[in-house]
Amino acid sequence: MDLSKFRAALGDIPIEDHPRIVQQKSRDHYWYSPILKAQLDQVTADIVVSPRTQDEVKTILAAAFKYEAPITPRGAGTGNYGQAMPLSGGAILNLMGLDRVIDIQPDRVRAEAGIILEKLDEQTIHAVGGEMRFHPSTYRMASLGGFIAGGSGGVGSIRWGGLRNFGNILGLKVITCEAEPRVLDLRGPDILKVAHAYGTNGIIVEAEVPLTAAYKWVDVMVGFDSIIEACAFAEQAARQDGLLLKEISPVAAPVAYDYFNRHRPYIKHRDQSVVLILAAPAAAEALADFVAYHRGEMLYRSDKATPEELAKLPPMYELAWNHTTLRALKVDPAITYLQTQYPDLDHVKKIIDFFGDEMPMHIEMTRFDGKIVFSGLPLVRYQSETRLEEIIRIHEENGCLVFNPHRYTLEEGGMKKTDRAQLAFKQEADPKGMLNPGKMIAWDDPEFDFDSGRVWLFAGLQTLGAA
Ligand code: FAD
């Protein structure tokens, strides 16, 4: 890498080189994992480059190719797997300056990659009464490009599945890292080359996503005597086609009482498990009836709360997804988590019986290829790496999937399958391997086993018949 020539080639594009700021921008939320924390704590880039236009992104990528400067793209840096951390130094490409909305239609929106998801929804709600189908719980921070390149699903996935499903991303505009960077408009199955690829094979500068009707969602918290009752209710609620719910998340005691500080006054006792729900306003009363029928205890409804109460509380979705882990970590720094999937309630029960309070259960009900499944983000009271591996092994031996969040490569995390088509795309789009180096094993290891038979959340392209 010739850093000084790289910098000189960038003209007046803003560059930051203060070591403390560069180090801050070289981090994401990798520290939720004690294993990644130990591995990545020292990682830092040399500079941060902040393009203001798509043309500036092209200038940066041409210079990166010419002077062999590693480029690690970054949105808001909320990823949890060290995806946005520059393993080989070089430049952080801060994309938050690309935040224009380009086109809003009644059923879709096209915007630049750096727009914050909440800001995007504000504009589409105002223009057409539509909102994104689902968003991560980092809605108020995360960027559109970062979500597509590094996320998987979230609030709304109970209805719409995840980013892995056809139709949830309609188009991507991507810039390659070559002598003369090309601008590619990806549609159809080609989108999957770049979705959840951590920016290893192209920089997303625009994305088009579908919209659905927007509501003023009602936050609901329901109490149960046991996590199994909470999960059984959550599954039944997820199957109620007439109840328009955007989020259903059972969380085992004592998590809500111990870690949801501002909601604690609503929780009756430490042994109460809860289900976090977002309901459309028209569904709130019917949901209350459904809760009573299942002998749940209605603990909180935002449509019944006073303005003073509302002002004090975070939105319910900021208790869910990886915000559950964050809230636990703030109280007990020894906590970490896993990402799992349980095929049915019996499997959830079996795993809860195995681990008890060593692994307080946290489920996100999601729709996965048309089926309602129990996606797990259980907390883990961390003892050692060996014990964590054992917990993973016990899951797998009992027919439960684990997408390991303690790995920074695409393949080891079990989220994305790299196949030959994907590798070929990287060879075209990033022939010198300058984009987020070290994150795709298949690029670095010629012996990589494409046919290992493991299960990935984002299946490979070949499975889907893409070229
Ligand atoms: P970053 O962290 O900046 O980047 C993510 C990855 O994408 C990195 O590999 C980066 O290099 C790459 N990248 C960023 N921008 C681009 C671009 N324009 N082109 C190419 N590559 C790019 N995830 C979920 O899916 N669902 C959740 O509900 C969820 N909840 C979370 C809760 C908490 C508290 C935290 C800390 C994380 C959570 N996450 C969740 C993970 C993370 O928030 C999401 O993945 C988020 O969408 C990332 O957006 P970002 O802008 O912060 O991306």
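Numbers here simply count residues along the sequence, with the first being 1. In this text, all values refer to a predicted model and were calculated from it rather than measured experimentally. We count ligands from 1, going down the list as the structure has it; atoms in each ligand are counted the same way.
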*Asks:* Taking 4.0 Å as the limit for heavy-atom contacts, which would you say applies to Gln83 with ligand 1: side chain only, backbone only, both, or neither?
*Replies:*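 Both of them.
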*Asks:* I want to know if ligand 1 touches Ala76 in the polar sense, i.e. an N/O pair below 3.5 angstrom.
*Replies:*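 In this structure, Ala76 places an N or O atom under 3.5 Å from an N or O of ligand 1.
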*Asks:* Identify, for atom 7 (O) of ligand 1, the protein heavy atom at the shortest distance, and state residue, atom and that distance.
*Replies:*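 For this ligand atom, the closest protein heavy atom is Ala149 CB, 3.2 Å.
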*Asks:* Using a 4.5 Å cut-off on heavy atoms from C-beta on, say whether the side chain of Val109 contacts that of Gln123.
*Replies:*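 They are not in contact (no side-chain heavy atoms under 4.5 Å apart), so the answer is no.
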*Asks:* Walk me through whether Lys193 and Glu428 qualify under salt bridge (Lys or Arg N to Asp or Glu O under 4.0 Å).
*Replies:* CA-CA 12 Å; Lys193 291 172 177 168; Glu428 256 178 57; over 6 Å; no
*Asks:* Between Lys330 and Tyr259, is NZ or CZ placed under 6.0 angstrom from the six-membered ring centre and within 45° of the ring axis?
*Replies:*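 No, a cation-pi geometry is absent between Lys330 and Tyr259.
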*Asks:* Specify whether His406 and Tyr337 have parallel, tilted or perpendicular ring planes, treating 30° as the upper limit for parallel and 60° as the lower limit for perpendicular.
*Replies:*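 Plane angle between 30° and 60°, so tilted.
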*Asks:* What protein heavy atom lies closest to atom 23 (N) of ligand 1? Include the residue and the distance to one decimal.
*Replies:*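 Minimum-distance protein heavy atom for atom 23 (N) of ligand 1 reads Pro136 CB, 4.0 Å.
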*Asks:* I'd like to check whether Arg74 has a polar contact with ligand 1, where a contact means an N/O of the residue lying under 3.5 Å from an N/O of the ligand.
*Replies:*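 The answer is no, given that Arg74 and ligand 1 share no N or O pair closer than 3.5 Å.
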*Asks:* Going by the atom numbers of ligand 1, which of them fall below 4.0 Å from some non-hydrogen atom of Gly199?
*Replies:*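 Every atom of ligand 1 under 4.0 Å from some heavy atom of Gly199: 20 (C), 21 (N).
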*Asks:* Considering heavy atoms of the protein only, find what lies nearest to atom 25 (O) of ligand 1 and give residue, atom and distance to 0.1 Å.
*Replies:*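 For atom 25 (O) of ligand 1, the nearest protein heavy atom comes out as Ser152 N, 2.7 Å.
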*Asks:* Can you find a non-hydrogen atom of Leu95 under 4.0 Å from ligand 1?
*Replies:*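 Within the 4.0 Å threshold, so yes.
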*Asks:* If you measure every N/O of Ala142 against every N/O of ligand 1, is any gap under 3.5 Å?
*Replies:*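 No, Ala142 has no N/O under 3.5 Å of an N/O on ligand 1.
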*Asks:* Does Asp28, backbone or side chain, put an N or O under 3.5 Å from an N or O of ligand 1?
*Replies:*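 No; every N/O pair is 3.5 Å or more apart.
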*Asks:* Starting from atom 5 (C) of ligand 1, what is the nearest protein heavy atom, named by residue and atom, and what distance separates them?
*Replies:*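 Among all protein heavy atoms, the one nearest atom 5 (C) of ligand 1 is Gly146 O, 3.7 Å.
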*Asks:* Among protein heavy atoms, which sits nearest to atom 30 (N) of ligand 1, and what does the distance come to when rounded to 0.1 Å?
*Replies:*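 In this structure, atom 30 (N) of ligand 1 has Ser137 OG, 3.0 Å as its nearest protein heavy atom.
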*Asks:* Should you measure from each heavy atom of Tyr32, which atoms of ligand 1 turn up under 4.0 Å away?
*Replies:*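 Heavy-atom distances to Tyr32 below 4.0 Å select 34 (C), 36 (C).
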*Asks:* Under 3.5 Å, N or O to N or O, is Leu326 touching ligand 1 that way?
*Replies:*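 No.
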*Asks:* Kindly indicate whether the side chain of Arg264, heavy atoms from C-beta on, has any atom under 4.5 Å from the side chain of Tyr257.
*Replies:*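 Yes, their side chains come closer than 4.5 Å.
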*Asks:* What about Trp321: any of its N or O atoms under 3.5 Å from an N or O on ligand 1?
*Replies:*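 Between Trp321 and ligand 1 (N or O atoms, distance only) the closest approach is not under 3.5 Å.
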*Asks:* Does the side chain of Phe6 reach to within under 4.5 Å of the side chain of Lys66, using non-hydrogen atoms?
*Replies:*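 A side-chain contact under 4.5 Å is absent here.
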*Asks:* Would you say Asp219 and Leu276 make side-chain contact, with heavy atoms under 4.5 Å?
*Replies:*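 No, side chains not in contact.
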*Asks:* What is the nearest protein non-hydrogen atom to atom 45 (O) of ligand 1, stated with its residue, atom name and distance?
*Replies:*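 Result: Gly151 CA, 3.3 Å.
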*Asks:* For residues Ile158 and Thr366, determine if any side-chain heavy atom of one lies less than 4.5 Å from a side-chain heavy atom of the other.
*Replies:*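 When only atoms from C-beta onward are counted, Thr366 and Ile158 do not touch, as no gap falls below 4.5 Å.
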*Asks:* Minimum distance, heavy atoms only, to atom 1 (P) of ligand 1: which one of Gly150, Ala113, Gly77 is it?
*Replies:*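 Answer by nearest heavy atom: Gly77.
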*Asks:* Quick one: which ligand 1 atoms are inside 4.0 Å of a heavy atom on Gly75?
*Replies:*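 Going through ligand 1 atom by atom, the ones under 4.0 Å from Gly75 are 1 (P), 3 (O), 14 (C), 15 (N), 51 (O).
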*Asks:* Return a yes/no value for Thr78: is any of its N or O atoms, backbone included, closer than 3.5 angstrom to an N or O of ligand 1?
*Replies:*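 Yes, since at least one N or O of Thr78 sits under 3.5 Å from an N or O of ligand 1.
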*Asks:* Between ligand 1 and Pro73, is the shortest N or O to N or O distance under 3.5 Å?
*Replies:*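 Yes: some nitrogen or oxygen of Pro73 is under 3.5 Å from one in ligand 1.
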*Asks:* Going by the angle between their ring planes, with limits at 30° and 60°, are His135 and Tyr139 parallel, tilted or perpendicular?
*Replies:*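 If you compare the ring of His135 with that of Tyr139, the planes turn out parallel.
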*Asks:* Any side-chain heavy-atom pair from Thr72 and Met85 closer than 4.5 angstrom?
*Replies:*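 Of all side-chain heavy-atom pairs linking Met85 with Thr72, none is under 4.5 Å.
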*Asks:* Can you name the one residue among His395, His362, His347 that meets ring-ring contact (aromatic ring centres under 6.0 Å, His included) with Tyr342?
*Replies:*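 That would be His395; it is the only one of His395, His362, His347 passing the ring-ring contact (aromatic ring centres under 6.0 Å, His included) with Tyr342.
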*Asks:* Looking only at heavy atoms, is any part of Val205 under 4.0 Å from ligand 1, and if so is it the side chain, the backbone, or both, or is it neither?
*Replies:*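 For Val205, there is no contact with ligand 1 at all, from either part.
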*Asks:* Which residue and atom name correspond to the protein heavy atom nearest atom 19 (N) of ligand 1, and how close is it?
*Replies:*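 Ranking protein heavy atoms by distance from atom 19 (N) of ligand 1, first comes Ile204 N, 2.9 Å.
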*Asks:* Which atoms from ligand 1 have a heavy atom of His29 less than 4.0 Å away?
*Replies:*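 Atoms satisfying the 4.0 Å criterion: 36 (C).
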*Asks:* Under 4.0 Å from any heavy atom of Asn436, which atoms of ligand 1 are there?
*Replies:*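 In order of number, 9 (O), 11 (O).
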*Asks:* I want to confirm something. Looking only at heavy atoms, which of Ser143, Gly202, Gly153 is nearest to atom 26 (N) of ligand 1?
*Replies:*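 Of the listed residues, Gly153 has the closest heavy atom.
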*Asks:* Tell me, yes or no, whether the heavy-atom count around Lys58 atom NZ, taken from other residues, nucleotides or ligands under 6.0 Å, exceeds 12.
*Replies:*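 Not more than 12 within 6.0 Å, no.
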*Asks:* Does the cation-pi check pass for Arg164 over Phe368, that is, NZ or CZ under 6.0 Å from the six-membered ring centre and within 45° of its axis?
*Replies:*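 Checked: cation-pi criterion met.
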*Asks:* Can you confirm whether Val209 sits close enough to Arg108 that some side-chain heavy atom of one is under 4.5 Å from a side-chain heavy atom of the other?
*Replies:*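 Not touching, per the 4.5 Å side-chain cut-off.
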*Asks:* Step through the shown structure and confirm whether more than 12 heavy atoms of other residues, nucleotides or ligands are within 6.0 Å of NZ on Lys432.
*Replies:*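 Atom NZ in Lys432 is packed in, count exceeds 12.
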*Asks:* Within a strict 4.5 Å, meaning less than it, do heavy atoms of the Asp12 and Arg52 side chains meet?
*Replies:*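 Result yes, sub-4.5 Å side-chain heavy-atom pair found.
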*Asks:* Considering heavy atoms of the protein only, find what lies nearest to atom 38 (C) of ligand 1 and give residue, atom and distance to 0.1 Å.
*Replies:*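 Closest protein heavy atom to atom 38 (C) of ligand 1: Asn80 OD1, 3.5 Å.
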*Asks:* N/O of His323 under 3.5 Å from N/O of ligand 1, yes or no?
*Replies:*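 Looking only at distances, the answer is no, because the N/O contact criterion of under 3.5 Å is not met.
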